[in-house]
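See below for the structure under consideration.
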Number of protein chains: 4
Amino acid sequence: MTFQELIKLHPQPTAVDRDTLLRCIEECLDCAASCTACADASLSEPDVQEMVRSIRLCLDCADVCDAAGRIVTRQTAPDLDLMRTTIQACSTACVVCAGECDLHAHHAHCRVCAEVCRRCKQACDDLLKAIG
Amino acid sequence: MTFQELIKLHPQPTAVDRDTLLRCIEECLDCAASCTACADASLSEPDVQEMVRSIRLCLDCADVCDAAGRIVTRQTAPDLDLMRTTIQACSTACVVCAGECDLHAHHAHCRVCAEVCRRCKQACDDLLKAIG
Amino acid sequence: MTFQELIKLHPQPTAVDRDTLLRCIEECLDCAASCTACADASLSEPDVQEMVRSIRLCLDCADVCDAAGRIVTRQTAPDLDLMRTTIQACSTACVVCAGECDLHAHHAHCRVCAEVCRRCKQACDDLLKAIG
Amino acid sequence: MTFQELIKLHPQPTAVDRDTLLRCIEECLDCAASCTACADASLSEPDVQEMVRSIRLCLDCADVCDAAGRIVTRQTAPDLDLMRTTIQACSTACVVCAGECDLHAHHAHCRVCAEVCRRCKQACDDLLKAIG
């Protein structure tokens, strides 16, 4: 995707290691889209009654990843406390959502969604470490 | 607004004290809209150059309030860890944004925005206490 | 809510009649929150299997109302074409969502959600007329 | 990104040609992230005063692309009218935003952002044609 190239054109240097940052943004975008798609796929499953908690947590995770992705994308005058708690919330949402999707691994979309969530959690944790 | 009436019609009881919950949702909505409006008003100020950090933090705060408002609105199968870290992020975003808006109190919209942020922070902290 | 007071403090006059504008913003916020709450309430209903289309359209409507609410809130250098097509999309989403919620009027939250959607559609149509 | 793989695992076939759909989702995500990054980069430019309209329209375009991306991602029980007007709004937002970014092509991020917007507009128009 082109947005990464665009972020490199920002007039100010990033506050933290740029590769760690770019990876976190990308994983937040992928996780938001994947959770939106997984919630929707679960809605179409014959056993939707069993998928209720998974749908709810995928919706939550998509919303947090969306917010975190936007905030981490912005390089102008960042506030590290705000960034930190937001990324922390995103990391937690990803863990919780992955844990629930694991319980429905007979649906391939849940299996893939859990993987994406865990990758996003790792990218968030790496960025938290880089922020210090 | 009608959404509060609607939340009371949910088939399941809320996981936490309902008035505290409803107040947090309302403040998140008001703060998201207020931060969007304040960022935009700042963009139109003759001293926009001085408003850059305020604009950026208002955009961040709007995004976090939006996500928190949606998550707190959902009553189905909530995860308290996910709720807690998201509300914590919202509380932090509100404090940081209010602090910056205070520095521009000669603009009435910044003064009002700082008040809304502080009210939202209080509502988040009250909900955090209720969640335990 | 305070955001309306804040919008009145914008350094530039609104491009269209202010009361029509403020009402549209308020209805978009209320409709976004109501659709988020209705989708979530439907997820908790024993007949969730019958509610799938309603859930999906409530999620869509919440997303469009959110975007429309933000865009209409901004008064700086607006583009009327962009505003017009966005409000048109919001009006359509509200009609479609209300129509589906009507089919589930035995659930009080669907009945209330349909009313909110229709009120939002009206506010959007009034703003479209004001824009010309 | 993995979300595309996940969408292919949906239990129901897509309502329209899948490659056209996937391309539109991807372009909406890239455009939303690029507009968020471009608005932020413009905020950091020494000539921010000249960038006000570009910032505002990038914020609008990001919000519309976000909503359109989510709606097009959902495959369960879609409503074609709702999809059509939303994609139409997205196409319009992209044209308007690209046009403004073109005026600031001395900033490389504006040049790249305009390209991404035009690619997203094309993907929206192709999907509109596929929907009919």
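Just so you know, these numbers use all the heavy atoms, side chains as well, and skip hydrogens, waters and symmetry mates.
- Comparing D:Leu57, D:Leu59, D:Asp66 by how many heavy-atom pairs each has under 4.5 Å with chain C, the most go to D:Leu59.
- Within the 4.5 Å cutoff, no side-chain heavy atoms of D:Thr92 are placed close to those of C:Gln88.
- Taking D:Asp19 as the reference, nothing meets the side chain to side chain donor-acceptor pair (under 3.5 Å) condition, with sequence neighbours excluded.
- In this structure, SG in D:Cys97 is found 10.0 Å from CG in C:Asp79, a value given to the nearest 0.5 Å.
- With respect to chain D, the highest number of heavy-atom pairs below 4.5 Å among C:Val95, C:Asp81, C:Thr86, C:Thr85 belongs to C:Thr85.
- When the heavy atoms of residues 23-56 of chain D are compared with those of chain C, the residues falling under 4.5 Å are D:Val52, D:Arg53, D:Arg56, listed by number.
- Contact count against chain D (heavy-atom pairs under 4.5 Å) is highest for C:Pro78 among C:Cys61, C:Ser91, C:Cys90, C:Pro78.
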